[in-house]
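Hydrogens, waters and symmetry mates are skipped; everything else that's a heavy atom, side chains included, is used. All figures in this text were calculated on a predicted structure; none of them were measured in a lab. Throughout, protein chains are lettered first and strands after them, A, B, ... in sequence-line order, and every chain is numbered starting at 1.
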Number of protein chains: 2
Amino acid sequence: MSIEDKQRLQRNDRVTIRTVAKHAGVSVAAVSKVMRNAYGVSEGLRAKVTDAIEELGYRPSRAARGLRGRSFTIGVLLIDIRNPFLPEVIAGVNGVLAPSHYQAMIGVSDARVQLETSLIESMIDYKMDGLILVAPRLPSEIIAKLASEIPIVAVGYHDAGATAFDTVNADDQRGAEIAVEALLACGYRDIEMLSLGEREGHQVSVVRQREIGFRRAMQRAGLGSSASISKIPIAPPKREETMRKFLSRKNRPRAVFCWSDLDAITLLSLAMEMGVRVPEDLAVIGYDNSSTAALGLVNLASIDQSGRELGQVATRTLITRIEGRTSAEHIFQIPSLVSRGSLIRSSNAKGA
Amino acid sequence: MSIEDKQRLQRNDRVTIRTVAKHAGVSVAAVSKVMRNAYGVSEGLRAKVTDAIEELGYRPSRAARGLRGRSFTIGVLLIDIRNPFLPEVIAGVNGVLAPSHYQAMIGVSDARVQLETSLIESMIDYKMDGLILVAPRLPSEIIAKLASEIPIVAVGYHDAGATAFDTVNADDQRGAEIAVEALLACGYRDIEMLSLGEREGHQVSVVRQREIGFRRAMQRAGLGSSASISKIPIAPPKREETMRKFLSRKNRPRAVFCWSDLDAITLLSLAMEMGVRVPEDLAVIGYDNSSTAALGLVNLASIDQSGRELGQVATRTLITRIEGRTSAEHIFQIPSLVSRGSLIRSSNAKGA
DNA sequence: CACAGAATGTAGAACGTTCTCCATATAACG
DNA sequence: CGTTATATGGAGAACGTTCTACATTCTGTG
């Protein structure tokens, strides 16, 4: 390392591609070629350059990269970071990305659609190479328009007709059917679904899909007429209130399918408080198989859609699109039942 | 809007600062000045430019901005996204940032220190304006070195001697004392702490601080000699095993203070399975006051360190440093007790 | 009315990459 | 040996901002 180089390091000046080029005695273009392992690089050149990079501890500037070409970053957009389902998705994404030279940057949008759009735009403005949107609330046309600027994969967004972007989903209709079938198998006929309040529900959302599956399974069992769905508001004060009202209803059903573990677990807690025994008085099944559901204290049966797998698949799909695919892909996964104590007193089911 | 402009929009060409300048009939520099609301802009000019921006829907490229000046992005580094404490911190950060022109990008590092460093470097390479590190596992010197390249605030990292970066913490020593005092007030004398396995524990970590507080409070109560701490491994198979062993010990203490709700809740679950009654046989108090602890089913007393507030304070601190402060700040917050059923049978304490 | 000083606007050089040509050296072939 | 193809390396123009230095136009003041 030359004296000049050492001074540079001490001065804390940035080591740029130019520093590396000078140090290796080659051109800037040559270094760039090696970095991107582009065509037309001899072994000798490659060695010189990689040595120089190593020695100087050079890291390319992502900002500059983004300005010209790929930034090797993919953006992940989350709504509502509180849902225990999301960490799994992230883990899946990171798992696939780890061995590659890509990295994930996560943006968290709270409830407002406004923020959601501006966060996506920011990611585009950063010249990220692709986006994974998890449970976006945006209308399909808007996503399609954004997709003309950047490759997009939507997770938890049912729009199998989309041509501009890909979707990766668990089969939420089927998941709901499985839940109902499990309740039926335990002998319950009087089954109700606890779903999410109106506000959130465009047809493409997972919640609406689960409602469809619920209705279909009930119909199939000849219970179509009694298949009722209650909507639970998402915000704290009204939410518990509505659940309490549900629990104290005289015509309370024998079994309930909750659209999400989040609601199911709160329901279990309120039931305990109010002296409603689970599963003797009320059987409960949730959705997501979150880690809390698995706790012995909670012991909630749930539908498992592996978030980790969803994240992995979404990432792989995104990468193929970044690397050139133009036709849309719409991938489904089949969820599975995890039976636990909230379903039935003593059964052959696994779980404590 | 000129015909040329419309064509550009249709072709989906990026609207750049140059487009805006041409459309407003001013120079590029003028537009830039307006954007940054720099000195030397007349009302007339500002109006022309903002109109043009509005009309063309111009958004500055973050990539290009990062290359030259500020990127108006702050990076948040999380380890272990599964901890229910973290979403609160994020919410706090986003809350403070929302009205500003800054945005947060989150990076999630799993257990490996290697990834942690490379993620931070990436954020530097993106020319982010500042970093919030949550519970970093890096040694102080490394953080200090990174801090020479970018403003850094560490949350959950006790290093009040650091001069190169700021820290924001709940007073974990005091929190542990409060926990012990609560147990003492209930009449328990035989108290043990369940802490985290060796691996994680540099002196600066919150865990070690809680241990110190635990010892001090016990000492103060004249129980210094019997103040023992058990370490629970972090990984799944050994973790439960160690807890079970603890629960079936013949000299099991009367009360236990867990370093985190995460462990406390698992402990409650195992206790139920094994027929150890809480709080009759064993009183439990946790740390973090996570949303799960508040569930009626769980009903775990816990120490509350408002993650949201921590996130807010960290963000405000970071911004002042970005805007020029050079002296280090080390901020403490006092945690508080949230009493619940895991503490004592029937008391005046709030909670179900 | 002359002139200093403030206010306003602009040119143009960075910033650190990528990537499209080109130029040259070497190999292959008749 | 001449000609063409191929392999290798380099020059230099983008990319979309920021920001310094400068030119011009307005004030106000003596």
**Item:** Heavy-atom closest contact (A:Thr167 atom, A:Asp159 atom, distance)
**Value:** CG2-O, 4.0 Å

**Request:** Tell me which of B:Ala64 and B:Val28 sits closer to the 5' end of DNA chain C, going by the nucleotide each one is nearest to.
**Result:** B:Val28

**Prompt:** Heavy atoms under 4.0 Å, any strand shown: does A:Arg18 hit a base, just sugar-phosphate, or nothing?
**Reply:** base

**Lys/Arg N to Asp/Glu carboxylate O, A:Lys145 vs A:Glu149, below 4.0 Å** = no

**Message:** Nearest whole Å is fine: how far is D:dT18 C1' from A:Asp125 CG?
**Reply:** 16 Å

**Message:** Can you tell me how the ring of A:His101 sits relative to the ring of A:Phe72, calling it parallel under 30°, perpendicular over 60° and tilted otherwise?
**Reply:** tilted

**Asked** Okay, side chain of A:Asp129, backbone of A:Ile74: is any donor-acceptor separation there less than 3.5 Å?
**Response** no

**Asked** When the distance from NZ of A:Lys22 to P of C:dG16 is rounded to whole Å, what number comes out?
**Response** 12 Å

**Prompt:** Does any donor atom in the side chain of A:Asp125 or B:Ser61 lie under 3.5 Å from an acceptor atom in the other side chain?
**Reply:** no

**Prompt:** Near B:Glu323 CD, under 6.0 Å, is it more than 12 heavy atoms from other residues, nucleotides or ligands?
**Reply:** yes

**Asked** Between A:Ile319 and A:Tyr102, what is the shortest heavy-atom contact and its length?
**Response** CD1-CD1, 4.4 Å

**Message:** Heavy atoms only, 4.0 Å cut-off, all strands: where does A:Arg59 land among base, sugar-phosphate and nothing?
**Reply:** sugar-phosphate

**Item:** Whole-Å distance separating the CZ atom of A:Arg62 from the C1' atom of D:dT17
**Value:** 20 Å

**Request:** May I ask you to evaluate whether B:Ser27 reaches the phosphate of C:dT10, defined as a side-chain N or O under 4.0 Å from OP1 or OP2?
**Result:** yes

**Asked** Base, sugar-phosphate alone, or nothing: which one does A:Tyr58 contact when heavy atoms must sit under 4.0 Å apart?
**Response** sugar-phosphate

**Request:** Check if the side chain of B:Arg68 and the base of D:dT18 share a donor-acceptor pair of N or O atoms closer than 3.5 Å.
**Result:** yes

**Asked** Is the closest basic N to carboxylate O distance between A:Glu88 and B:Arg82 below 4.0 Å?
**Response** yes

**Asked** In whole Å, what is the span from the CZ atom of B:Arg14 to the P atom of D:dC15?
**Response** 13 Å

**Prompt:** Does B:Arg65 make a side-chain N or O approach to OP1 or OP2 of D:dT18 shorter than 4.0 Å?
**Reply:** yes

**Prompt:** A:Ile17 CD1 to C:dC15 P: how many Å, rounded?
**Reply:** 15 Å

**Proximity to DNA chain D (any heavy atom under 4.0 Å), residues of residues 29-43 of chain B only** = B:Ala29, B:Ser32, B:Arg36

**Item:** Nearest-Å distance for atom pair CG/P, residues B:Leu45 and C:dG9
**Value:** 5 Å

**Message:** In this structure, how many angstroms lie between the P atom of C:dG16 and the CG atom of A:Leu67, rounded?
**Reply:** 12 Å

**Prompt:** If only atom types and distance count, is the side chain of B:Tyr157 paired as donor or acceptor with the main-chain N or O of B:Leu138 below 3.5 Å?
**Reply:** yes

Please write out the pairs of protein N or O atoms and N or O atoms of nucleotides 23-27 of chain D separated by less than 3.5 Å, giving the distance to one decimal.
none

**Prompt:** Counting only N and O atoms by type, is there a donor-acceptor contact under 3.5 Å from the side chain of A:Arg325 to the main-chain atoms of A:Thr317?
**Reply:** yes

**Asked** With sugar-phosphate meaning primed atoms plus P, OP1 and OP2, does A:Arg46 contact a base, only sugar-phosphate, or nothing at under 4.0 Å between heavy atoms?
**Response** nothing

